[in-house]
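By convention in this document, chain letters (A, B, ...) are assigned in the order of the sequence lines, proteins followed by strands, and residues within each chain are numbered from 1.
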There are 2 protein chains.
Amino acid sequence: MPEIKIENRIWIEKNGFPFIGNGRVTLLEYIHETGSMTKAAKKIGMSYKKAWELVKSMNAQASEPLVIKEAGGKNGGGTQLTQEGLRVITEFRKLEEKSKSFLVEEFEKCCIN
Amino acid sequence: MPEIKIENRIWIEKNGFPFIGNGRVTLLEYIHETGSMTKAAKKIGMSYKKAWELVKSMNAQASEPLVIKEAGGKNGGGTQLTQEGLRVITEFRKLEEKSKSFLVEEFEKCCIN
DNA sequence: ATTCGTTATGTTTATCAAAACATAACGCTA
DNA sequence: TAGCGTTATGTTTTGATAAACATAACGAAT
């Protein structure tokens, strides 16, 4: 029996440029978990450079920084999420979940198969 | 003042493979408008081969054909949508619209900026 | 001063999807 | 039979994106 399902992606743009989306939020989550961009990128399987560019983009667009980075010092430095960064994760994941369950309900009503 | 907005994409998968999405439905719409895969592809700015592959994929996965193609004959042939094809367009566009407006409402509640 | 593990950035290479190109087949018409 | 505009399909080329590689800078600790 064929498995049919509906999927969706949501993202936030600022001035037409990508600001917050699933990939970026996942990166934030791993940074929060590891305290390091290097470790987070490795866990995700993303190049450090890519992760750095994404974080740079998010911080530049946000009204206040989402992450704070330190190069050098004890343990070489590291990266921490701000309160705002944590809030963005929560809010975005909630939005994702709500829109997905709404969509699934609607999809069950209409019959495409 | 920075313009912030939320976007979304929805699509339907069958057995894990893409079945119906915005690009495919747009193609169906242009085929309906022009009566020809060649003309539809040209209008969209898509290669004929790509359009042909998408149509092949959709027809193969759907429970009944979405388009009917004829090669040769008067005017060289052409491609027509079936009733099911037309229905899929309508249903999908409705789903898109509903999920988008739901999402926009939810986004206005949460304050990411 | 040296070491260490980070962040910071530029340069090169690889990957892969899309486009471009090339032909064949089809079937009506003249 | 030749011509036409279409569908059908394989092959080659391109282009955009990500990965890989290479190096520098940073700052605390020893």
Side-chain angles (χ1 to χ4, degrees), chain A residues 7 9 11 13 16-62 65-82 85, chain B residues 7 9 11 13 16-62 65-82 85:
Chain A
E7 296 288 343
R9 274 294 160 89
W11 68 93
E13 292 184 2
F17 293 97
F19 173 34
I20 299 290
N22 173 67
R24 289 168 185 234
V25 168
T26 301
L27 177 59
L28 291 182
E29 287 166 341
Y30 276 86
I31 289 174
H32 181 56
E33 182 184 320
T34 61
S36 150
M37 281 171 44
T38 300
K39 288 178 191 149
K42 200 158 294 177
K43 277 207 169 183
I44 294 179
M46 173 188 288
S47 69
Y48 170 83
K49 186 189 174 73
K50 179 71 181 172
W52 175 80
E53 284 169 348
L54 292 177
V55 166
K56 184 185 174 190
S57 164
M58 283 188 276
N59 263 356
Q61 290 179 89
L66 305 184
V67 309
I68 292 183
K69 300 169 280 179
E70 274 179 39
K74 192 172 183 179
N75 299 324
T79 302
Q80 301 298 325
L81 291 207
T82 62
Chain B
E7 296 288 341
R9 274 293 160 88
W11 68 93
E13 292 183 2
F17 293 98
F19 173 34
I20 299 289
N22 172 67
R24 289 167 185 234
V25 168
T26 301
L27 177 59
L28 292 181
E29 287 166 341
Y30 276 87
I31 289 173
H32 181 55
E33 181 184 321
T34 61
S36 151
M37 282 174 41
T38 300
K39 287 178 191 148
K42 199 158 296 179
K43 276 206 172 185
I44 294 178
M46 173 187 289
S47 70
Y48 170 82
K49 185 188 174 72
K50 179 71 181 173
W52 176 81
E53 285 169 347
L54 292 177
V55 166
K56 185 185 175 190
S57 165
M58 283 188 277
N59 263 357
Q61 290 178 90
L66 306 184
V67 310
I68 292 184
K69 299 170 281 177
E70 275 180 36
K74 192 171 183 179
N75 300 325
T79 302
Q80 301 299 324
L81 291 207
T82 63

Taking all atoms of both residues into account, what is the closest heavy-atom pair of A:G21 and A:W11, and its distance?
CA-CB, 4.1 Å
Over all atoms of both residues, closest heavy-atom pair of B:L27 and B:I44:
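Minimum heavy-atom contact is CA-CD1, 3.6 Å.
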So does B:P18 get a backbone contact from the side chain of B:Q61, meaning a donor-acceptor N/O pair under 3.5 Å?
yes
Using a 3.5 Å distance criterion without hydrogens, assess whether the side chain of A:T82 forms a donor-acceptor pair with backbone atoms of A:L66.
yes
For the pair made of [atom1] in [X] and [atom2] in [N], what is the distance, rounded to whole Å?
X: A:Y48; N: D:dT23; atom1: OH; atom2: P; value: 18 Å
X: B:I68; N: D:dA8; atom1: CD1; atom2: P; value: 12 Å
X: A:E70; N: C:dC4; atom1: CD; atom2: C1'; value: 16 Å
X: B:E53; N: D:dT7; atom1: CD; atom2: P; value: 15 Å
X: A:K69; N: D:dG27; atom1: NZ; atom2: C1'; value: 17 Å
X: A:L54; N: C:dT7; atom1: CG; atom2: P; value: 14 Å
X: A:W52; N: D:dT23; atom1: CH2; atom2: P; value: 19 Å
X: B:N75; N: D:dC4; atom1: CG; atom2: P; value: 14 Å

Value rounded to 0.5 Å, distance of CD in A:Q80 from NE2 in A:H32:
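Interatomic distance, A:Q80 CD to A:H32 NE2, rounded to 0.5 Å: 8.5 Å.
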Quick one: label B:S36 by what it contacts on the DNA or RNA (base, sugar-phosphate, nothing), any heavy atom closer than 4.0 Å.
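Sugar-phosphate, backbone atoms only, no base.
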Between the side-chain atoms of A:K49 and the base atoms of C:dG10, is any donor-acceptor pair under 3.5 Å?
yes
Where each residue is assigned the nucleotide of DNA chain D containing its nearest heavy atom, which of A:G72 and A:K50 is assigned the position nearer the 5′ end?
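Of the two residues, A:K50 wins.
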For A:G76 and for A:S47, locate the closest nucleotide of DNA chain D by heavy-atom distance; then report the residue assigned to the nucleotide nearer the 5' terminus.
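That would be A:S47.
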Nearest to the side chain of B:K74 - D:dA28, C:dC28, D:dT7?
C:dC28
Starting the side chain at C-beta, find the nucleotide from C:dT29, C:dT6, D:dT7 nearest to A:K39.
C:dT6
Are B:T38 and D:dG5 close enough that a side-chain N or O sits under 4.0 Å from OP1 or OP2?
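Negative; the distance criterion is not met.
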